[in-house]
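The block underneath contains the structure these notes are about, expressed in structure tokens.
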Amino acid sequence: MMSKLQGDQSLSEVHGSVDIGKKALGWRRILAFFGPAYLVSVGYMDPGNWATDLAGGSHFGYSLLWVLLMSNIMALLLQSLSARLGIVRGRDLAQANRETYPKPINFILYLLAEVAIAATDLAEVLGMAIGINLLTGLPLIWGVAITVFDTFLLLFLQRLGIRKMEAFIIGLVAIVGLSFLVEILMAKPKLGEIATGFVPTIPSEQALYIAIGIIGATVMPHNLYLHSALVQTRKITKTREGIQQALKWSFVDSAIALNVAFLVNASILILAATTFFKQGLVEVAEIKEAHQLLSGLLGSEIAPILFAVALIAAGQSSTVTGTLAGQIVMEGYLRLRINPWMRRLLTRLLAIVPAILVIAIAGEKEVDALLVLSQVILSMQLGFAIIPLIHFVSDKQTMGEFVIKPWVKVAAWVITATLVYLNLQMVSNEAGSYFAESGHTFWKVVIVTAGILFIALLVYITFYPAFAKRRKKHSIEMHPQQKGLEHLSIPTYKKIAVALEFGEHDDVLLAHAFGQGQQDSEYLLIHIVESASARLLYNASDDYETRNDKERLATYVQDLQNRGLKVTGELGFRNRAGEIVRIIREQQADMLVIGAHRHSGVKDFLYGETINSVRHELTIPILVVNL
């Protein structure tokens with residue numbers, strides 16, 4: 001279920017699984033580099049983007065298109081930096097943070113990353129639930145509940161391999177893109193009017209809130225963690241030429257994928273501006289309302305169907321990448337790996353619970369507001385991912401000749417400063433309106449304290465790497481340096497317990513037990529009686545099975561004693577695992593030999609899992625013999 005990592009590779013199950021060197025020269029090798037950015041790009045067109053794009057287009061027409069374009073340029077630069085970190089240093093962003101920052105700061109950064117992933121998953125849950133509702137009429141709260149079952153989709157895709165997963169995601173992206181292409185052709189927007197939207201302007205404070213939501217929905221912090229790990233699925237030649245080639249084609253991959261995402265987002269905003277804003281429907285900010293109006297305004301029944309199908313495809317594709325990001329963050333910061341289905345389930349529950357609470361308490365009308373809020377939360381996390389990333393790719397000591405150029409560094413810091421300023425401006429505006437109200441003293445103190453801590457953490461992660469370069473790096477590996485095996489000590493076992501079933505494999509178990517013993521070792525034979533009488537009467541049982549088991553145990557003991565071995569026997573009753581543990585503790589055995597029939601699935605449920613139950617209770621070595 002849960003284990004500490006034994007290596008330092010990011011996404012170790014698919015690390016280096018696509019061997020670029022085995023690809024033929026030419027377009028086949030180039031295509032082998034393509035894929036990671038498409039997995040990243042789905043986060044740029046998930047249902048959270050839909051909510052902010054629809055709100056921006058219906059409220060302010062084309063005037064926020066420039067925000068989308070700026071966000072796309074930001075995303076391209078930042079994702080290329082993330083890919084550079086993974087290709088050159090072989091580290092994902094979480095691992096690099098672990099190496100650099102102190103443990104308490106890393107733990108805070110981990111929690112913030114998990115909050116960002118939960119906010120992302122919240123948008124995906126709500127988007128898929130809305131899509132299902134629009135297609136089938138299923139109530140939204142039930143649509144949210146059933147999204148938990150897509151947990152198993154990721155498990156299936158991971159078994160197929162990274163290239164199959166990438167192909168699946170690209171297929172879903174194609175569905176989204178084609179759906180909006182058809183709807184844009186139906187809406188027939190005027191290109192001249194669209195062009196005016198690329199002139200920078202912020203019409204109002206509400207526009208600022210939506211603009212920050214658009215940025216948060218586009219430049220997503222979990223994508224920076226994800227991209228730095230996904231590029232490591234390509235097994236490249238670690239030479240100057242090999243790294244340069246990988247950086248070049250990774251940038252091309254990112255440029256194509258993120259421009260596709262930009263076109264999808266721009267299509268949603270243009271569709272909302274053309275269909276709603278120009279018709280005077282400036283209050284259309286809800287996905288469901290937009291779906292209902294599309295049919296009448298575009299004069300086609302296919303438009304709302306395409307809208308719903310694209311929404312489900314966007315949500316489903318994003319759910320896969322969100323889980324991968326969660327795995328990268330947990331493994332990188334905590335060096336902890338849990339089963340993929342458990343990781344997915346935890347992520348999904350963190351999204352489902354607030355979604356169900358909001359729907360149950362406030363009703364379905366608040367769902368879109370929750371979507372926009374999730375994207376604003378994402379935007380507020382950006383600084384904590386971007387600032388360390390810029391430090392890492394600017395460090396000549398670790399990046400060598402592949403350190404970023406000065407103009408790239410300046411551009412990255414300008415983007416970061418812009419994002420942090422916009423976030424602080426939005427928070428101060430929201431807090432100002434809240435503080436204008438009377439009362440709520442406790443929450444005002446909480447808000448002020450949180451704001452101070454927010455700024456303090458940003459300042460700390462900004463300046464710490466500059467002052468900590470001479471400090472020893474924190475290891476991301478689980479194992480200390482090898483010091484030799486001179487202290488190797490071979491144990492001897494004085495009393496070895498053997499759990500017998502009184503079946504055809506008893507001789508195998510006993511042979512393995514004798515193989516572990518020494519000349520003066522003692523052997524304790526254990527058998528558990530599980531008849532109906534034994535379960536009811538315990539050691540007072542005297543049915544046929546109990547008498548027969550006593551006789552058989554006595555025969556085994558006598559036979560082995562005649563061979564010169566020190567052997568005793570003891571019967572247990574009722575509960576197999578509990579009795580084995582009790583007898584071993586009472587008799588102070590220092591090793592257990594037990595047989596395994598390799599049951600799985602239904603058989604484990606029917607017959608029980610004795611070995612797992614026993615090993616969790618005992619501290620002595622246990623030799624499991626496959627029978």
Side-chain angles (χ1 to χ4, degrees), residues 8-12 14-16 20 33 35-37 39-41 43 74-101 106 109-110 113 116 219-236 238 240 242-255 257-258 321 324-325 327-329 331-333 381-406 408-409 411-413 415-416 461-462 464-466 468-469 473-477:
D8 62 343
Q9 295 176 335
S10 183
L11 290 178
S12 57
V14 290
H15 186 92
I20 302 297
F33 283 103
L39 265 68
V40 169
S41 71
M74 289 179 178
L76 183 56
L77 174 61
L78 296 174
Q79 294 298 160
S80 65
L81 297 184
S82 176
R84 179 177 292 264
L85 176 66
I87 291 170
V88 177
R89 286 190 57 187
R91 296 283 187 270
D92 62 52
L93 182 55
Q95 291 173 335
N97 277 334
R98 180 182 172 86
E99 283 183 320
T100 304
Y101 292 103
N106 270 314
L109 292 176
Y110 163 71
V219 189
M220 305 175 81
H222 80 279
N223 272 338
L224 301 176
Y225 291 99
L226 183 64
H227 205 175
S228 59
L230 287 176
V231 291
Q232 296 179 56
T233 61
R234 270 53 182 173
K235 186 178 181 180
I236 64 172
K238 288 292 185 178
R240 184 175 183 273
I243 293 174
Q244 282 181 332
Q245 184 187 49
L247 290 173
K248 172 186 173 182
W249 292 113
S250 174
F251 180 81
V252 173
D253 184 34
S254 299
L258 295 183
T321 57
L324 286 176
Q327 179 183 340
I328 292 161
V329 164
E331 293 178 6
Y333 279 117
Q381 310 297 322
L382 273 174
F384 300 110
I386 298 173
I387 291 172
L389 176 62
I390 298 173
H391 278 301
F392 299 145
V393 294
S394 302
D395 186 3
K396 190 170 181 59
Q397 184 178 350
T398 55
M399 297 293 290
E401 63 179 301
F402 299 104
V403 66
I404 59 174
K405 293 179 172 56
V408 177
K409 189 187 301 186
W413 281 116
I415 289 172
T416 303
I461 65 172
T462 301
Y464 179 83
K469 283 187 177 179
K473 298 281 187 182
H474 300 287
S475 175
I476 66 168
E477 298 184 13

Next on the checklist: How close do V403 and K396 get, counting heavy atoms only, and between which atoms?
Outcome noted: CG2-N, 4.0 Å

Checklist entry - Roughly how far, to the nearest 0.5 Å, is the CD1 atom of I387 from the CD1 atom of I461? => result 4.5 Å

Checklist entry - Which heavy atom in S250 sits nearest to a heavy atom in A83, and how many Å separate them? => result OG-CB, 3.3 Å

Checklist entry - Just how far is it from atom CD of Q245 to atom CZ of R240, taken to the nearest 0.5 Å? => result 13.5 Å

Next on the checklist: The criterion is side-chain contact (heavy atoms from CB on, under 4.5 Å); which residues satisfy it with F251, sequence neighbours excluded?
Outcome noted: L76, S80

Checklist entry - How long is the gap from CG on L81 to CG on L77, to the nearest 0.5 Å? => result 4.5 Å

Checklist entry - When rounded to the nearest 0.5 angstrom, what distance separates CG in L85 from CD1 in I404? => result 11.0 Å

Item to check | Pairwise distance OG1(T416) to CD1(I386) - rounded to 0.5 angstrom | outcome: 5.0 Å

Checklist entry - For Y101, does its backbone N or O pair with a side-chain atom of N106 as donor and acceptor, under 3.5 Å? => result yes

Checklist entry - What are the two closest heavy atoms between H391 and P465, and how far apart are they? => result CD2-CG, 3.6 Å

Checklist entry - Roughly how far apart are N97 CG and R91 CZ, rounded to 0.5 Å? => result 12.5 Å

Checklist entry - Is the side chain of R89 donor-acceptor paired with the backbone N or O of T398 at a distance under 3.5 Å, no angle test? => result no

Checklist entry - Any sub-3.5 Å donor-acceptor pair from S228's side-chain atoms to S82's backbone N or O? => result no

